[in-house]
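Shown next, in structure tokens, is the structure this report addresses.
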Amino acid sequence: MRIGIAGAGAVGCHYAAALIGSGADVFLLARGEHLQALRNRGLVWESNGQCRTLSVQSDDDASILRSCQIIVLACKVTQLRTMLDQLATSVGEQALFLTLQNGVVAPEWVAARFPDAPVVAGTAFIGARLIGPGRILHTAAGGIRMAAWNTLASKDERVVRLKDMLRKAGVPVRIEQDALSMLWRKLLWNCGFNAITALTRRFAKDIAARTETAQVAMDAMHEALAIARALGVRGLGDEDVRKHMEVTLAMGPVKTSMWQDLERGRPTEIDYINGQIVRDAQAIGQDVPVNRMLVALMHAVEGGV
Ligand SMILES: NC(=O)c1ccc[n+]([C@@H]2O[C@H](COP(=O)([O-])OP(=O)(O)OC[C@H]3O[C@@H](n4cnc5c(N)ncnc54)[C@H](OP(=O)(O)O)[C@@H]3O)[C@@H](O)[C@H]2O)c1
């Protein structure tokens, strides 16, 4: 089964490398200097103190993905709509999509753009970053949780095959039953830590270890939790916030993708993380002052104020 990975950034390159290393057939949609580096030298993957260079089939022409049975979407959520437009004429009719974007909108957008396609929502628990063209540093974890987004996906046997391929590649995978609950649980962590780490340039574990900043992170997560519950998302509770804090304290030096974006002068995903909570809260007549403040500060920093 051929897997197409659309987006050769930190997440896309990490999973491409893991899959290729285990013998999987992978095509990577890349562009710019990364594509040049991948073609000239291969994909350089630093993980667990080891550095490997892997040969990868890559192109900036999306039709490279036409023969893929599974398409893993690995761009930023801010880039997803453009990516989907590009894929619309390029992917095979039978393709199954896996979204790996943070936030909760990606599977909905994919299902709307490809109404006949099976869509699987995914969350990636990973610390990874690009350290140069075609060069990736994997710093922490790497597990994927996934859940069928639509009925087409819940009946599709490729979901289990993908899980098996990822496990063979050393990726811990869990299949969950409730996609929304899975996405929102991850969103809680992102609301607590992405903006704060980007604004302070401090690792999440250091934010969690300091009483004042830990309180801000927990307040942001509790606000997000209240909105999730008000929207009817099931299976989330205070216990999730407590677990997120516990896990974060034990984390390595993970540089969140929002912090990476800010450093690289690129648009961040703030409008789909804390901004999602602010919009949802406004729609139901509630206020989420901590998330609102984090969005305002991030916009100010992004805008160079
Ligand atoms: N990095 C992490 O540790 C991490 C952890 C958990 C979750 N996530 C989530 O995973 C998602 C991906 O994050 P990331 O850190 O991997 O982002 P990233 O490093 O910015 O990678 C995204 C890649 O997609 C490429 N791309 C976007 N649109 C494209 C198009 N139309 N055609 C070809 N290539 C395209 C980008 O190219 P350009 O550079 O040219 O724009 C970039 O190489 C995000 O939603 C993020 O929040 C990341």
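Since this is a predicted model, take the numbers as computed values, not measurements. First listed ligand is number 1; within each ligand, the first listed atom is number 1.
Heavy atoms of Arg129 come nearer than 4.0 angstrom to ligand 1 in no pair at all.
Between Trp184 and the options Leu231, Thr123, Asp240, a side chain to side chain contact (heavy atoms under 4.5 Å, CB included) holds for only Leu231.
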Item to check | Audit row: Trp45, His138, side chain to side chain donor-acceptor pair (under 3.5 Å) steps and yes/no | outcome: CA-CA 7 Å; Trp45 182 40; His138 169 221; 4.9 Å; no
Checklist entry - For Arg279 and Asp271, what are the C-alpha separation, side-chain angles and deciding distance, and is it a salt bridge (charged side-chain N to carboxylate O under 4.0 Å, His left out)? => result CA-CA 9 Å; Arg279 275 193 309 281; Asp271 291 336; 5.3 Å; no
Next on the checklist: Does Arg242 form a side-chain contact (heavy atoms from CB on, under 4.5 Å) with Asp238? I'd like the steps, not just the answer.
Outcome noted: CA-CA 6 Å; Arg242 198 194 58 71; Asp238 293 341; over 6 Å; no
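Ligand 1 has no N or O atom lying under 3.5 Å from any N or O atom of Gly7, backbone or side chain. Close N/O approach between Asp261 and ligand 1 is not found [any backbone or side-chain N/O within under 3.5 Å]. For ligand 1, the polar-atom distance check finds an N/O of Ala10 within less than 3.5 Å of one of the ligand's N/O atoms. For a threshold of 3.5 Å applied to N or O pairs, the pair formed by Ala124 and ligand 1 contains no separation below that value. In terms of polar-atom proximity, defined here as any N/O pair under 3.5 Å, His34 makes no such contact with ligand 1. Below 3.5 Å of separation, one finds an N or O of Gln79 facing an N or O of ligand 1.
Annotation for ligand 1: atoms under 4.0 Å from non-hydrogen atoms of Gln86 are 30 (C), 31 (N), 32 (N). If you number the atoms of ligand 1 from 1 as listed, the ones under 4.0 Å from a heavy atom of Gln101 come out as 45 (O). The Gly127 neighbourhood of ligand 1 comprises atoms 3 (O), with distances under 4.0 Å to a heavy atom of that residue.
Through direct or relayed side-chain contacts under 4.5 Å between Ile, Leu, Val, Met, Phe, Trp and Tyr, Leu137 connects to Ile131. Annotation for Phe203: hydrophobic cluster partners, listed by chain and number, are Trp259 (ILVMFWY side-chain heavy atoms under 4.5 Å, direct or chained).
Remark: Glu263 does not engage Arg201 in a salt bridge, criterion side-chain N to carboxylate O under 4.0 Å.
Among protein heavy atoms, the minimum distance from atom 45 (O) of ligand 1 is reached at Glu269 OE2, 2.7 Å. Scanning all protein heavy atoms for the shortest distance to atom 5 (C) of ligand 1 gives Ile126 O, 3.2 Å. In this structure, the protein non-hydrogen atom closest to atom 18 (P) of ligand 1 is Lys76 NZ, 3.7 Å. In this structure, atom 2 (C) of ligand 1 lies nearest to the protein heavy atom Ala128 O, 3.6 Å. Nearest protein neighbour of atom 9 (C) of ligand 1, counting heavy atoms only, is Asn102 ND2, 3.7 Å. Nearest to atom 21 (O) of ligand 1 among the protein's heavy atoms is Gly9 CA, 3.1 Å.
Of the heavy atoms in Ala74, only backbone atoms (N, CA, C, O) come closer than 4.0 Å to ligand 1. The backbone of Leu100, and not its side chain, has at least one atom closer than 4.0 Å to an atom of ligand 1 (non-hydrogen atoms only; backbone = N, CA, C, O). Residue contacts with ligand 1, taken as heavy atom pairs separated by less than 4.0 Å, involve Arg266 solely via side-chain atoms from C-beta onward.
In this comparison of His14, Lys186, Arg31, the heavy atom closest to atom 34 (N) of ligand 1 sits on Arg31. Residue Cys75 holds the heavy atom nearest to atom 11 (C) of ligand 1 of all those in Ala8, Gly32, Cys75. By heavy-atom distance, the residue among Val11, Leu29, Asn190 lying nearest atom 48 (C) of ligand 1 is Val11.
Here the closest non-hydrogen pair linking Glu269 and Ser257 is OE1-OG, 4.3 Å. Taking every heavy atom of both residues into account, Gly142 and Val171 meet most closely at O-CG1, 3.4 Å. The two residues Lys186 and Ala124 come nearest to each other via the heavy atoms NZ-O, 2.8 Å.
For the pair Leu80/Leu73, a side-chain contact is recorded, criterion being any heavy-atom separation below 4.5 Å from C-beta on.
The cationic atom of Arg113 (NZ for Lys, CZ for Arg) does not lie both less than 6.0 Å from the six-membered ring centre of Phe97 and within 45° of the ring axis.
Between the side chain of His14 and the backbone N or O of Gly9, no donor-acceptor pair lies under 3.5 Å.
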